[in-house]
Amino acid sequence: MDDPATAPGPQGPASRGPRPRSLVVMPTYDEAENLERVAGALLASVADVDLLVVDDSSPDGTGDIADRMAAADPRVSVLHRTTRDGLGRAYLAGFAEADRRGYDVVVEMDADGSHPLESLPALLAAVADPAGPGLAIGSRWVPGGRVVDWAPWRGWLSRAGNTYARLVLGIPVRDATAGYRAYRLEALRAAHLDDVHSRGYCFQIDMALRVLDAGIPVVEVPITFRDRVAGRSKMSGAIVLEAMLRVTGWGVLRRLGRRRR
Ligand SMILES: Nc1nc2c(ncn2[C@@H]2O[C@H](COP(=O)(O)OP(=O)(O)OP(=O)(O)O)[C@@H](O)[C@H]2O)c(=O)[nH]1
Ligand SMILES: [Mg+2]
């Protein structure tokens, strides 16, 4: 019988090839104008990643576009969810699927073209070492990182929110709300995802905090972020308010010496 450690075969959770298996999780809500272009560019330029689109029954038919892409390319799969209940829940569903399917690395990427493909190799490289960082954040607010073509108020809001989160939570992360990231699966498992309640932007802060609290290093990789070319932003006052309230609450708990775990 072949030695299972050396026998060729499909890579799965038990086998580790020279390269980690990576899944890009792309949440979508009304991204019909963007998905094909953004996902197509990803699949054309990066050979060794798979793509999971997590669509919350977008009324504009994004889910059908994703299904067509999946039928045409075995690297693409789609998770259809019946209700729209925020970015956080969509990502949690994607993370669970990545774990179930035995991926080593999960990448978060928006479907609107804001996240530069040329930075993906650096994000993947940053989490490639099992003894190194478990989370690499594509950061706009570290030296070398920048935002082009955003309305000034969006830049101001992002910087202010990130400064507030960093000071209140006492974390060494400059862009904790950033949504372009790579995680090693071990870091996601250590983050105790069963009690995540964050839905909007604060989901990203929550995740960075959980990984850091698990004692796993987080790094920031500078990126150039671009505004979406088409489609409508899902940012809202409710999302900003949720982030402020949750970050403040977590900060108070930390001052009282109570981490969630
Ligand atoms: N499945 C799912 N995806 C969502 C939901 N809300 C947002 N998204 C997706 O998450 C990604 C980020 O949302 P955006 O609207 O681009 O938010 P943003 O990048 O902060 O805002 P902009 O800068 O205006 O683009 C996009 O791919 C959205 O389609 C949701 O409730 N469910
Ligand atoms: Mg966006």
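Just so it is clear, the structure is predicted and the values come from calculations on it, not from any experiment. Just follow the structure's listing: the first ligand is 1, and inside any ligand the first atom is 1.
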key: Side-chain ion pair, Glu33 and Arg228, N-O less than 4.0 Å   = no

inquiry  = Please list, in number order, the atoms of ligand 1 under 4.0 Å from a heavy atom of Val54.
reply    = 1 (N)

message = Less than 4.0 angstrom from a charged side-chain N to a carboxylate O is my criterion; do Asp56 and Arg81 meet it?
response = yes

message = Closer than 4.0 Å to some heavy atom of Arg84 - which atoms of ligand 1 meet that?
response = 31 (O)

note = shortest atom 21 (O) of ligand 1-to-protein heavy-atom contact is with Ser233 OG, 3.2 Å

query = Counting each atom of ligand 1 from 1 as listed, which ones have a heavy atom of Arg154 under 4.0 Å away?
reply = 20 (O), 21 (O), 22 (P), 23 (O), 24 (O)

query = Can an N, O or S atom be found in Asp112 less than 2.8 Å away from the Mg ion (ligand 2)?
reply = yes

query = At what distance is the nearest protein heavy atom to atom 29 (O) of ligand 1, and which residue and atom is it?
reply = Glu31 OE2, 2.6 Å

query = Of all the atoms in ligand 1, which lie at a distance below 4.0 Å from a heavy atom belonging to Asp56?
reply = 1 (N), 2 (C), 30 (C), 31 (O), 32 (N)

task = Compute the shortest N/O to N/O distance between Ala90 and ligand 1 and return yes if it is under 3.5 Å, no if not.
result = no

query = Is the closest N or O pair between Arg232 and ligand 1 shorter than 3.5 Å?
reply = no

query = In this structure, which one of Arg189, Arg184, Arg21 forms a salt bridge (charged side-chain N to carboxylate O under 4.0 Å, His left out) with Asp99?
reply = Arg189

inquiry  = Under 4.0 Å between a side-chain nitrogen and a carboxylate oxygen: does that hold for Arg68 and Asp64?
reply    = no

message = Salt bridge check, Arg232 against Asp112: does any charged N sit closer than 4.0 Å to a carboxylate O?
response = no

inquiry  = Checking the N or O distance criterion of under 3.5 Å, is ligand 1 in contact with Asp85?
reply    = no

